[in-house]
4 protein chains.
Amino acid sequence: MKKKAEERREQILRAAFQAVSDKGYETVTLQDIADYAGVSKGVTNYYFKNKEDVFLSLLEWVTDRIYQHEHQAVSQKTTAIEKLEAYIHSVFIDPEKNKKFYKVYLDFMAQASRNPHYRKINLKFYENCWKIGRDIVALGQKEGTFSSDIQADTASKMIRSIIDGCLIQWLMRDEDHLHEFYKKTCYEVILKYLK
Amino acid sequence: MKKKAEERREQILRAAFQAVSDKGYETVTLQDIADYAGVSKGVTNYYFKNKEDVFLSLLEWVTDRIYQHEHQAVSQKTTAIEKLEAYIHSVFIDPEKNKKFYKVYLDFMAQASRNPHYRKINLKFYENCWKIGRDIVALGQKEGTFSSDIQADTASKMIRSIIDGCLIQWLMRDEDHLHEFYKKTCYEVILKYLK
Amino acid sequence: MKKKAEERREQILRAAFQAVSDKGYETVTLQDIADYAGVSKGVTNYYFKNKEDVFLSLLEWVTDRIYQHEHQAVSQKTTAIEKLEAYIHSVFIDPEKNKKFYKVYLDFMAQASRNPHYRKINLKFYENCWKIGRDIVALGQKEGTFSSDIQADTASKMIRSIIDGCLIQWLMRDEDHLHEFYKKTCYEVILKYLK
Amino acid sequence: MKKKAEERREQILRAAFQAVSDKGYETVTLQDIADYAGVSKGVTNYYFKNKEDVFLSLLEWVTDRIYQHEHQAVSQKTTAIEKLEAYIHSVFIDPEKNKKFYKVYLDFMAQASRNPHYRKINLKFYENCWKIGRDIVALGQKEGTFSSDIQADTASKMIRSIIDGCLIQWLMRDEDHLHEFYKKTCYEVILKYLK
DNA sequence: TATGAATGAGGCTTCATTCAT
DNA sequence: GATGAATGAAGCCTCATTCAT
């Protein structure tokens with residue numbers, strides 16, 4: 001039954017993800033989430049302590065999924081350049097998915113700016129992302145592909161800043177066709193920075 | 001009397017800015033704003049059509065102020081490098097102010113991701129910022145300081161992406177002392193990109 | 001200045017009449033009335049104690065005007081039948097005016113059913129109307145036109161009941177062209193009753 | 001469970017009827033209705049979309065109940081005169097009930113004069129009432145009791161006009177003992193008209 | 001006299017949460 | 001486990017009224 005419960009929770013989180021993406025963090029109601037999940041209103045309160053608990057769980061779940069996806073993509077490549085490409089490629093997955101995630105992610109960052117619980121979960125996500133970046137940079141330096149003037153640690157922070165900065169700006173412009181532009185340019189900026 | 005009303009509106013916007021920064025876009029109430037402004041509850045509805053009108057006005061007001069400040073800083077310098085430095089310097093003004101603004105700005109971007117009214121105001125802000133960046137890059141290219149391989153237009157988008165990406169990451173980490181790090185590194189990344 | 005004030009009050013009452021007819025007793029605001037009167041918001045409170053005072057004055061003013069009009073019409077005729085015709089004619093004046101008045105009058109009767117102040121004013125109106133009816137019936141009986149089986153007093157109550165009943169039903173049906181039907185049939189019913 | 005909900009709605013409508021009768025359409029609050037129903041404030045919004053929905057439902061419910069009552073009374077008699085008597089008797093049921101209903105009904109007519117939703121419901125009520133009247137008149141004509149000069153259709157409109165006109169005037173006069181007078185005279189006027 | 005800025009009470013409505021079934 | 005009826009807190013908004021100018 002532990003198994004069943006786990007599935008139920010994920011079903012709700014998945015619904016919550018879609019619901020929040022559609023309606024926004026503060027606008028979405030527990031009723032909305034229940035509707036999206038195709039369950040009754042009470043269920044959410046049965047599997048989660050309260051609304052905030054749903055959202056904290058959602059942030060954790062979604063950032064972890066994103067990270068796993070990125071990690072997997074990168075780990076399948078061998079050279080630093082290939083890994084960097086794979087990373088960017090997995091991050092800029094496609095307009096639909098990026099939109100869905102970054103809408104929710106912006107909501108959570110807005111919360112995180114005032115609520116340490118969200119901040120803590122986001123920090124874990126950051127650290128995972130930084131790790132990916134740091135490893136790529138370190139590998140590139142070992143390969144001689146990237147400049148040894150830069151610090152892998154510092155670079156990892158910048159890589160994620162640039163990625164998030166680009167995808168947020170892309171989201172704000174609300175023109176799907178620019179996705180390609182931001183993906184390509186983001187990659188170029190990072191590459192030039194690392195070389 | 002037109003004058004008086006204008007002052008009143010700004011007084012309320014100023015209060016709203018502080019209130020939203022403290023409590024968050026969705027959490028803040030009109031009562032909060034009135035309290036911050038030291039006026040009665042009804043005043044907000046007297047000077048603004050409704051809550052959303054306050055917020056739209058606030059976004060417009062605050063982004064315009066920011067832009068004016070940046071513009072002024074840059075226009076006082078003559079070389080591209082000086083201008084870029086001045087730009088970064090005026091953006092990364094200080095931890096307190098950056099925190100205050102980016103908290104509110106994140107809130108608004110979260111709204112903008114679903115509400116075209118906010119998106120439109122933000123786009124105007126973007127365009128202003130891009131203009132600053134584009135002019136600096138174009139000048140740098142004319143001076144021979146910056147590479148002529150890059151497009152000023154493209155670069156201007158990246159400059160702002162990097163800036164916002166850095167400041168958001170900085171805000172999320174909630175460590176004031178990192179402000180210096182992000183400011184310096186942001187500048188370096190941009191410079192390396194432009195050269 | 002007593003004169004001036006009286007004119008101002010009437011200007012406001014006239015505006016209030018139109019405003020209430022358009023928007024309804026409970027929906028209309030003092031601002032609406034001021035707008036209709038082309039004066040500033042404060043004026044209403046200057047010439048009337050409060051909102052209820054405006055409405056009480058309005059009911060008094062409008063019912064008195066109606067009565068004066070009816071009275072004048074009837075007094076110009078000599079025979080009972082002519083007077084009755086003139087009465088009905090002046091009551092069923094035209095669709096536009098009947099609509100305007102009965103909308104307001106219904107509002108006031110709804111109030112009067114619970115508020116004795118309105119009830120008292122309406123009673124005065126009733127008594128005026130009854131007087132018209134009673135005089136017509138008495139004259140008709142003296143002439144030998146109307147049956148002497150009926151009591152003039154009783155008949156006067158019925159005459160007004162039938163009139164109001166007809167015009168209210170007409171108003172509720174919201175078909176202007178039925179005005180003629182109700183006018184004609186109302187007259188016939190009364191006549192048959194009196195003969 | 002559908003059953004339970006239906007009962008709840010009726011419980012609320014019953015409470016609303018009493019509350020509106022006591023306090024008036026515009027004065028009554030949802031809190032009042034909840035109090036009268038002995039439930040919490042939220043319940044009303046649970047069973048009805050909003051305040052207007054409560055009122056529309058109330059008008060429909062109450063006019064239907066009245067009609068059913070009248071219809072039943074009439075259908076138990078066989079001759080036209082008996083039916084007419086039964087109709088008047090069921091309409092002029094007693095001062096208490098007439099007061100309660102006509103207070104509410106006046107409120108609704110005041111609304112109906114501007115709001116087509118109310119008007120539509122009232123029209124259905126009218127049509128039901130007219131049907132009762134028309135059938136009585138037609139029967140009377142077939143029996144030879146009533147004049148064949150009048151049109152049943154026209155008469156049905158007049159019958160209801162006279163009834164409403166009398167009961168409204170009676171309500172406005174606020175003297176319970178006059179109930180008998182209006183009942184008797186109303187009947188006489190109608191009878192004389194039909195003969 | 002007249003204006004309209006300011007106040008604050010009060011109502012509708014939404015919704016997280018509880019809890020009996 | 002699951003449901004959804006019921007509660008009541010809290011916010012937005014409207015508007016009569018006051019009052020300084």
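We name chains A, B, ... by the order of the sequence lines, and we start the count at 1 in each one. The shown structure was predicted, so the numbers you read here are calculated from the model rather than taken from an experiment.
Looking at A/R14 and A/Q11, their side chains never bring a donor and an acceptor atom within 3.5 Å of each other.
Among the heavy atoms of the strands lying under 4.0 Å from C/V28 are primed sugar atoms or P, OP1, OP2 only; no base atom is included.
Applying the side chain to side chain contact (heavy atoms under 4.5 Å, CB included) test to D/D32 and every residue at least two apart in sequence or in another chain returns D/K23, D/V28, D/T29. Qualifying side chain to side chain donor-acceptor pair (under 3.5 Å) partners for C/K97, counting only residues two or more places apart in sequence or in other chains: none. Shown here are the salt bridge (Lys or Arg N to Asp or Glu O under 4.0 Å) partners of C/R65, two or more places apart in sequence or in another chain: there are none. Residues that satisfy the side chain to side chain contact (heavy atoms under 4.5 Å, CB included) test with C/K100, not counting sequence neighbours, are C/F17, C/Q18, C/S21. Residues satisfying the side chain to side chain contact (heavy atoms under 4.5 Å, CB included) criterion with A/I66, sequence neighbours excluded, are A/E70, A/F101, A/F125. For A/S57, the side chain to side chain contact (heavy atoms under 4.5 Å, CB included) test picks out A/R9, A/L13, A/F48, A/D53, with sequence neighbours left out.
What separates CD of C/E6 from P of E/dT1 is a distance of 12 Å, to the nearest Å. In this structure, the CD atom of C/Q31 is 18 Å from the P atom of F/dC13, given to the nearest Å. Look at CD1 on B/I33: it is 11 Å from P on F/dC13, rounded to the nearest Å. In this structure, CG of B/D35 is placed 14 Å from C1' of E/dT7, rounded to the nearest angstrom.
Residue D/L30 has its side chain nearest to E/dT13 when only F/dA6, E/dT13, F/dG1 are considered. Side-chain proximity of C/V43 to the nucleotides F/dG4, F/dT7, E/dT3 is greatest for E/dT3. Nearest nucleotide to the side chain of B/K51, out of E/dG8, E/dT3, F/dG11: F/dG11.
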With 3.5 Å as the limit, what N/O pairs link the protein to nucleotides 18-21 of chain E?
none

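Taking a 4.0 Å limit (strictly below) on heavy-atom distances, residues 103-119 of chain B does not reach DNA chain E anywhere. Of the residues in residues 8-25 of chain B, none has a non-hydrogen atom less than 4.0 angstrom from any atom of DNA chain F.
Each of D/G38 and B/E26 was assigned the nucleotide of DNA chain F with the nearest heavy atom; the assignment lying further toward the 5' end belongs to D/G38. Sequence order on DNA chain E of the closest nucleotides to C/Y46 and B/V39 puts C/Y46 first from the 5' end. Residue order along DNA chain F, read from the 5' end via each residue's closest nucleotide, puts B/E52 first among C/E52 and B/E52.
The backbone N or O of A/G24 sits nowhere less than 3.5 Å from a side-chain atom of A/T27 that would complete a donor-acceptor pair.
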Worked verdict on B/Y105 versus B/Y102 for ring-ring contact (aromatic ring centres under 6.0 Å, His included): CA-CA 5 Å; B/Y105 192 46; B/Y102 271 88; 5.8 Å; yes
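Between B/T63 and B/K124, the closest side-chain pair of non-hydrogen atoms is not below 4.5 Å. Considering only heavy atoms from C-beta on, D/Q111 stays 4.5 Å or farther from D/H117 through its side chain. For the pair B/L106 and B/M172, the minimum side-chain heavy-atom distance is below 4.5 Å.
The phosphate of F/dA2 (OP1 or OP2) has a side-chain N or O of A/Y47 nearer than 4.0 angstrom.
In secondary-structure terms, DNA chain F builds stems of at least 3 consecutive Watson-Crick or G-U pairs, each pair having both distances under 3.5 Å, at E:2-21 with F:2-21.
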Can you give each donor-acceptor pair under 3.5 Å made by side-chain atoms of residues 36-43 of chain D, sequence neighbours left out, with the distance rounded to 0.1 Å?
| residue | atom | partner | partner atom | Å |
| --- | --- | --- | --- | --- |
| D/Y36 | OH | D/D22 | OD2 | 2.4 |

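Counting only residues at least two apart or in different chains, salt bridge (charged side-chain N to carboxylate O under 4.0 Å, His left out) contacts with residues 105-116 of chain C comprise C/D107-D/R114, C/R114-D/D107.
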